[in-house]
Amino acid sequence: MSKIALVTGVTSGFGLAITKTLINNGYLVIGTGRRLPKLNELKQQFQEKFIPLNFDIQNLPETQQAFNSIPQEYQNIDLLVNNAGLALGLEVANKANLDDWQNMVDTNIKGLMFMTRLVLPNMVERNTGHIINIGSIAGTYPYPGGNVYGATKAFVKQFSLNLRADLAGKNIRVSNVEPGLCGETDFSLVRFKGDEQKAQNLYENVNYIKPEDIANIVLWLNQQPSHVNINSIEIMPTAQTFSALNVSKKNN
Ligand code: NDP
Ligand code: 8X3
């Protein structure tokens with residue numbers, strides 16, 4: 001019997017790599033996203049190993065409807081990977097676009113919340129399962145222009161820990177994966193609203209993390225024995241590290 005994984009945001013980046021890695025390791029993947037052609041490509045490639053669910057995770061009725069459409073035989077989800085998410089803009093808070101802020105909250109917080117609430121009752125009923133949330137180093141370390149994006153990932157960090165508290169005594173694991181700079185995803189193209197040059201500049205001459213690195217970590221987390229829960233795992237490219245705190249000098 002294959003393990004059943006539900007992965008959100010499989011149409012590019014981490015979600016796509018996680019889907020391929022899980023399927024290549026014997027899992028059946030229910031994969032979600034808004035871009036139907038990309039979901040269809042995955043269906044074509046993986047056939048009965050892949051179940052596409054096409055919906056906007058910001059929309060609760062759509063999310064519920066898609067979830068309820070999962071065929072009976074695939075409803076016992078063993079692994080939920082809450083990956084769908086985005087950053088929009090890099091403006092300082094007083095100049096940031098409010099629509100962008102709402103979009104990030106609605107996706108990174110509410111979408112993740114909706115999916116977790118839908119999947120969890122069946123895991124609790126069966127007393128088995130694993131939720132892997134994709135957080136970010138931005139949920140721990142602030143940077144200029146990170147404002148609401150970082151705050152949504154801080155939510156993911158704390159929500160993951162609070163789920164662990166609620167699941168006391170249950171055989172259900174929760175892990176928060178916190179990556180740093182990763183290339184070869186649509187993340188920066190989305191953040192910079194289609195400006196390819198701006199997106200590329202970020203990765204130029206940097207040996208960044210690849211989506212496959214994150215996919216291997218997700219697989220490894222789930223492959224640990226069921227009595228082992230990795231609460232969180234923070235990953236940076238070796239090329240990325242810390243810098244001094246900013247101190248403003250008086251101009252006199
Ligand atoms: P991508 O932009 O490549 O992938 C994002 C995925 O999320 C897409 O499949 C997209 O699908 C889906 N998604 C976004 N909005 C919605 C929505 N409203 N409804 C349904 N699906 C949605 O970026 P990454 O792979 O890089 O990002 C994946 C996760 O990793 C995000 O949570 C991100 O914050 C996090 N992360 C990324 C890092 C990086 O440097 N790349 C580092 C740390 C964390 P579609 O557009 O088809 O709806
Ligand atoms: C993505 C990493 O540092 O660009 O979550 O915010 S960062």
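What you are looking at is a predicted structure, and each value in this text was computed from that prediction instead of being measured. Counting convention: from 1, in listed order, for ligands and their atoms alike.
Here Asp106 contributes atom CG and Leu60 contributes atom CG; the two are 11.5 Å apart, rounded to the nearest 0.5 Å. In this structure, Tyr208 OH and Asp213 CG are separated by 10.5 Å, a value rounded to the nearest 0.5 Å. Note: Thr116 OG1 to Asn82 CG = 4.0 Å, rounded to the nearest 0.5 Å. Atom CG of Leu118 sits about 5.5 Å away from atom CZ of Phe67, to the nearest 0.5 Å. Residue Ile230 holds its CD1 atom at 11.5 Å from CG of Asn222, rounded to the nearest 0.5 Å.
Residues satisfying the ring pair (Phe, Tyr, Trp, His ring centres under 6.0 Å) test with Tyr143, not counting sequence neighbours, are none. For Phe192, the ring pair (Phe, Tyr, Trp, His ring centres under 6.0 Å) test picks out no residue, with sequence neighbours left out.
Under the 4.5 Å side-chain heavy-atom criterion for ILVMFWY residues, a single connected hydrophobic cluster contains both Leu221 and Leu22. Val148 and Met113 fall within the same hydrophobic cluster, defined by Ile, Leu, Val, Met, Phe, Trp and Tyr side-chain heavy atoms under 4.5 Å apart, directly or through other members.
When heavy-atom distances to ligand 2 are checked against 4.0 Å, the residues falling inside are Ser136, Ala138, Tyr143, Tyr149, Phe187, Arg191, ordered by chain and number. Closer than 4.0 angstrom to ligand 1 lie heavy atoms from Gly9, Val10, Thr11, Ser12, Gly13, Phe14, Gly33, Arg34, Arg35, Phe55, Asp56, Ile57, Gln58, Asn83, Ala84, Gly85, Thr107, Ile134, Gly135, Ser136, Tyr149, Lys153, Pro179, Gly180, Cys182, Thr185, Asp186, Phe187.
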